[in-house]
Amino acid sequence: MDPMESFGEEVRRLTNEALAKLGVEAQLEIDVGPADMADFAIPCFPLAKKLRKAPAAIAEDIAAAVVPSDRISKVWAANGYLNFKINEALLASLTMKAVLSEKELYGTGERKPQKVLLEHTSVNPTGPIHVGRARNPLIGDTLCRCLRRAGYDVTTEYYVNDVGKQVVLLAWGIMNVPESEVPPADRDKTDHMLVGYYRKANERMESDPAVVKQISDMLVKFEAGDPATAEQVGETAERMLQGIRSSLERVSVNVDQYTWESKFIINGAAKEVVSKLKASPRCSEENGASYLELDELSRQGKSTKFFFTRSDGTTLYTTRDLAYHLDKFKRADVCINVLGEDQKLGMLHLVAALKIMGETKAPECVYYAFVSLPEGRMSTRKGVVVYLDDLLDEAEDLAMAEVRKRRTDLSEEKMYEIAKQIGPGAVRYNIIRVQAEKQLVFKWEDAINFEGNSAPFVQYAHARCSSILKRTGGYDRDADTSILTHDTEKRLIHVLSLFPGIVREAGEKRKIHLLPAYGHELASAFNQFYGSVPVLKSGEHEDARLCLVEATRWTLRNALETMGIAAPEEM
RNA sequence: GGACGAGUGGCCUAGCAUGGAUAUGGCAGCAGCCUCCUAAGCUGCAGGUCCGGGGUUCGAAUCCCCGCUCGUCCGCCA
C-alpha cells in the first residue's frame, strides 16, 4: 500500500473541482512543495496567459474555491503557487499501519501482468570481473530487485559470449602455454588462475604468425561445429564463468539463467536470421559478405552498412545477438539490456535489423559509462585493471578495521561477520548512487566510503533501530501515533510514506540511483529523530515511538534489500 | 571528419523527460555536541559565472542554436 498516493490524488481531485467551479478548463501539474513550506504545490503561471490575469491572483481565486477535506487540511496561495498542506495525523496513521502490517513487503507494488527479461553482466568469459565493468551487474541486479518489489515478474539472464576469437584464444592458451611461462595467479580462483594464460596467448598471437594461424584454424573448426573444439572452448568458458559467478555472489548479484551464444549457431536460429535479412531490399553483398544498407535507420558516421555475414557465409556477433533477441521476445513482454556505452551503435543496428525483419518488439537499453583509472581505460589484456575481488577485499579489510576500532566487546568472528556485511554494501552503494551515464574515474578513496552518503550510514541507522528494539520488553503495536508531533517525528513519517512511490518510480523510469538517495534521506531523518528525542523511557510517548522505530527499521531493511545491501542488526 | 553521452562550490553528486519559489546532498575545511537508546551520528558556519556565448520565455541548470572540454562509437571484432 502506498500511503502518500491517496493524498496526491486528493490534491488533484480538489483542484479539478475548484477549477470546474470557476469555469476554467485546465490540467495543472502537481509538484511536491519546498519541504518546510508545503506538501504539494501547483504553479499557476501557465494559466496566466489563458486567463489574462496575474498568476498570484489566479492562485488566490483557486485557493478560495478549494474546499479542504479530511486529507488536505490547508490550501493557500503564495507567490503564484497554490499550496497544499496534508493532514499529518492521517498520513501518520496510514503510514504506520501500512508498514507495521506489511513489514518486509512494505513498498511492494501491485502484481503486474508483464513478464520482464533483464539481461545484464554478459561479460566475456576471458578474465575476472574488473571495476570498469562492475557497474553492469550492480545496475542490473538492483534494477531487477527494484522491479520485483514494484510488482513485476522478472527473470535475469547472462548472455555468455562463448563464440569468437577471445574465448578461443583463451582456450588455445590453456592448451598450449606451459604453466611455467605464466606468472602465478594472485588468488586461488579459476578466473584469476586462467587470466595469465589469456594474456600470454595474446602476446604470442601478436608476435607469432604461426599462432595466429592455429587460432584461426581453431575458430573455423569451432564455428563449423567440431565437437572436440566446441568442448574445449565450452569447458574453458565454464571454468572462467565459475570464478565470475563467485565474484558476483560476493556482491549479492544473482543471475537466473545463462544463455550461451553458441546455442544460436547450433540450433540454426542465426542462419534463419540470415535468410530473413537477405530477403530485405536493403540487403546487398560485398565480396560475398552480406550487409544491410541502414541509411536513415543508423547514425551518421563513416559507414551505415551493417554486415551480418562474413565472405565465407559465417555469422557475426550481432547476427547471433539478433537470434538471441528473437528468442527473448518469445519468452517475455519486456526485454531490458544493461549495456556499456560502447554497445550503443551496435544496438541501434540490431533494432533496425529487427524492424527490417518485421519484428515489432525492441529491447529497452540501460547504458552505463565506463569506470576508468586515472591512467586511462581498464584492460584485462594489458593488465591495467582493478579487479572487483580486490576492491571487495580492500573494502572488507577497511570495514574490519572500523569495527575493531569501535567495538572491543565483540569476538573476532562476530566482527568479521559484520565487516562482510559492510564492505560489499559500501561498494554496491557507491556504484549505484550515481547515474549510469556519468563517467567515473576510479579512486580507492572514493570507492570505499563509510560516512555520509554511503551504505554504512544507512546500515548504521538500521543497527540503531535494531538496538533500541532489542532493549525493549515489548510495546503496543497499535499505539496512538497521533502524539508523534515533534518536527523530527513528522519528518520521519513523511519520508517513510514515500518509499512505495520511490520504488515504483526507480523501477519504471529505470533510475535506480533514486534508491540510495532515498536510503540516505530516510537514515538521515531517523538520525535526526534519534538525536532529538528519547525513545526508551519516554513515558507516554514510548509506545508510539517504538512503533515509529519499528516502522523505520522495516523500511530501511526493505530499502537496503532492494539495493542488494545487508541490513546488520549491530555494527 | 561524423554520431551519441557527460560537464553543477576545492572534490563527488541530485535536479534536466514535463521550464517555475532561496539550486539537492555528501566529502574535505572551520566552530560546537558523548554522566542519556552505538559519535559510522547530530547542530551550526563557510564555500556557486549550474562549461562559454547567443536565443526563446513573464521566468532557463532545465528548451533551441553555435562553440569548448572529456568519454564512447563509426570493423567481413566481440
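Within every chain, numbering begins at 1; the chains are lettered A, B, ... in the order of the sequence lines, protein sequences first and strands thereafter.
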Span that lies between the P atom of B:G26 and that of B:C45, in whole angstrom: 13 Å
Using a cut-off of 4.0 Å on non-hydrogen atoms, how would the nucleic acid contact of A:Pro46 be classed: base, sugar-phosphate, or nothing? base
So that I can tick it off, tell me whether A:Lys221 and A:Asp217 are bridged by a salt bridge, with the cut-off set at under 4.0 angstrom between side-chain N and carboxylate O. no
In whole angstroms, the gap separating C1' of B:G71 from CE of A:Met378 amounts to 14 Å
N-O pairing of A:Glu261 and A:Arg320 below 4.0 Å: yes
Taking only N and O in the side chain of A:Arg381, is any of them less than 4.0 Å away from OP1 or OP2 of B:A78? no
Roughly, in whole Å, what's the span from OH in A:Tyr518 to P in B:G25? 17 Å
Under 4.0 Å between any heavy atoms, over every strand shown, what does A:Leu345 touch: base, sugar-phosphate, or nothing? Just pick one. sugar-phosphate
On RNA chain B, more 5' by nearest nucleotide between A:Arg407 and A:Ile42 is A:Ile42
At 4.0 Å (heavy atoms only), tell me whether A:Lys509 reaches a base, stays on the sugar-phosphate, or touches nothing. base
Considering only side-chain heavy atoms of A:Ser467, which listed nucleotide, B:A78, B:G15, B:C37, is closest? B:C37
Answer with base, sugar-phosphate or nothing: what part of the nucleic acid does A:Val167 contact at a heavy-atom distance below 4.0 Å? nothing
Name the closest nucleotide to the A:Ser303 side chain, picking from B:C42, B:G75, B:G5. B:G75
NZ/NE/NH1/NH2 to OD/OE distance under 4.0 Å, A:Glu437 and A:Arg510: no
Calculate the interatomic distance between A:His513 atom NE2 and B:A17 atom P; express it in whole Å. 14 Å
Are the side chains of A:Val386 and A:Trp444 in touch, meaning some heavy atoms are under 4.5 Å apart? yes
In short, salt bridge (charged side-chain N to carboxylate O under 4.0 Å, His left out) pairs touching residues 513-536 of chain A with sequence neighbours left out are A:Arg491-A:Glu521
Using the P atom on both, measure B:C30 against B:G67 and round to a whole Å. 46 Å
Looking only at atom C1', what distance separates B:A23 and B:A78, rounded to whole Å? 43 Å
Over how many whole Å does the gap from A:Leu498 atom CG to B:A14 atom P extend? 19 Å
Selection from B:U22, B:C37, B:U13 that lies nearest to any side-chain heavy atom of A:Val434: B:U13
So that I can tick it off, tell me whether A:Lys53 and A:Asp61 are bridged by a salt bridge, with the cut-off set at under 4.0 angstrom between side-chain N and carboxylate O. yes
In the structure shown, which nucleotide is the Watson-Crick or G-U wobble counterpart of B:G19, with both distances under 3.5 Å? none
Short side-chain N/O contact from A:Arg310 to OP1 or OP2 of B:C77, under 4.0 Å: yes
Going by a 90° cut-off around 0, is B:C68 syn or anti? anti
Partner of B:U43 under the Watson-Crick or G-U wobble criteria, both distances under 3.5 Å, comes out as B:A31
Candidate nucleotides B:A21, B:C16, B:A39, ranked by approach to the side chain of A:Pro34 - the nearest: B:A21
Rounded to whole Å, the CE-P distance (A:Met347 to B:C4) equals 19 Å
Of the options B:G26, B:U72, B:U43, whose atoms approach the side-chain atoms of A:Asp342 most closely? B:U72
Quick one: is A:Lys438 getting a side-chain N or O under 4.0 Å of the B:A14 phosphate, OP1 or OP2? yes
Rounded C1' spacing from B:G5 to B:G44 in Å: 40 Å
Watson-Crick or G-U wobble partner of B:G5, both distances under 3.5 Å: B:C70
For A:Gln166, which contact category applies under a 4.0 Å heavy-atom criterion: base, sugar-phosphate, or nothing? nothing
Just name whichever nucleotide pairs with B:G59, Watson-Crick or G-U, keeping both distances under 3.5 Å, else none. none
Side chain of A:Glu341 only, heavy atoms from C-beta on: which candidate in B:U13, B:C4, B:U72 is closest? B:U72
With a 4.0 Å cutoff (strictly under), does any side-chain N or O of A:Gln435 reach OP1 or OP2 of B:G15? yes
Provide, to the nearest angstrom, the distance between the OH atom belonging to A:Tyr429 and the P atom belonging to B:G26. 11 Å
Go through the N and O atoms of the side chain of A:Asn527 and the base of B:A39, and report whether any donor-acceptor pair is under 3.5 Å. no
Determine the contact category for A:Asn287: base if any of its heavy atoms lies under 4.0 Å from a base atom, sugar-phosphate if only primed atoms, P, OP1 or OP2 are that close, otherwise nothing. base
In a check of salt bridge (charged side-chain N to carboxylate O under 4.0 Å, His left out) between A:Glu570 and each of A:Arg407, A:Arg464, A:Arg471, which one passes? A:Arg407
Which part of the nucleic acid, if any, lies within reach of A:Gln459 when heavy atoms closer than 4.0 Å are counted: base, sugar-phosphate only, or nothing? nothing
Looking at every strand, decide which applies to A:Val535 at a 4.0 Å heavy-atom threshold: base, sugar-phosphate, or nothing. base
Could you check whether A:Ile422 gets within reach of a base, just the sugar-phosphate, or nothing at all, counting any heavy atom under 4.0 Å? base
Any donor and acceptor pair, going by atom type alone, linking the side chain of A:Ser298 with main-chain N or O of A:Asp295 inside 3.5 Å? no
Categorize A:Asn83 for me: base, sugar-phosphate, or nothing, with a 4.0 angstrom heavy-atom threshold over every strand shown. base
Separation of atom CD in A:Glu437 from atom P in B:A6, rounded to whole Å: 6 Å
How do A:Pro534 and A:Ser311 order along RNA chain B: which one's closest nucleotide is nearer the 5' end? A:Pro534
Using a heavy-atom cut-off of 4.0 Å across all strands, would you classify A:Gly531 as base, sugar-phosphate, or nothing? nothing
Tell me which nucleotide among B:G71, B:A6, B:C37 gets nearest to the side chain of A:Arg471. B:C37
Of all the nucleotides listed (B:C42, B:C4, B:A28), which has the minimum atom distance to the side chain of A:Glu451? B:A28
Looking at B:C70, does its base get a donor-acceptor pair with the side chain of A:Gln439 below 3.5 Å? yes
Check whether any side-chain N or O of A:Arg377 sits under 4.0 Å from OP1 or OP2 of B:C73, and answer yes or no. yes
When all nucleic acid strands are considered with a 4.0 Å heavy-atom cut-off, which category describes A:Ala78: base, sugar-phosphate, or nothing? base
Which nucleotide in the list B:A21, B:C76, B:U13 gets nearest to the side chain of A:Arg433? B:U13
When the P atoms of B:G53 and B:G9 are considered, how many whole Å apart are they? 15 Å
Pair A:Asp162-A:Ser262, side-chain donor/acceptor within less than 3.5 Å: yes
Across the strands shown, which category fits A:Glu445 at heavy-atom distances under 4.0 angstrom: base, sugar-phosphate, nothing? nothing
To the nearest Å, how far apart are A:Glu29 CD and B:A17 P? 10 Å
Under 4.0 angstrom, heavy atoms only, what part of the nucleic acid is A:Tyr530 near: base, sugar-phosphate, or nothing? base
Can you tell me the base-pairing partner of B:G75? Count Watson-Crick or G-U wobble geometry only, both distances below 3.5 Å, and say none if there is no partner. none
Is a donor from one side chain sitting under 3.5 angstrom from an acceptor on the other, for A:Tyr324 and A:Glu157? yes
Checking contacts here: which listed nucleotide (B:A21, B:A78, B:G26) is nearest the side-chain heavy atoms of A:His520? B:G26
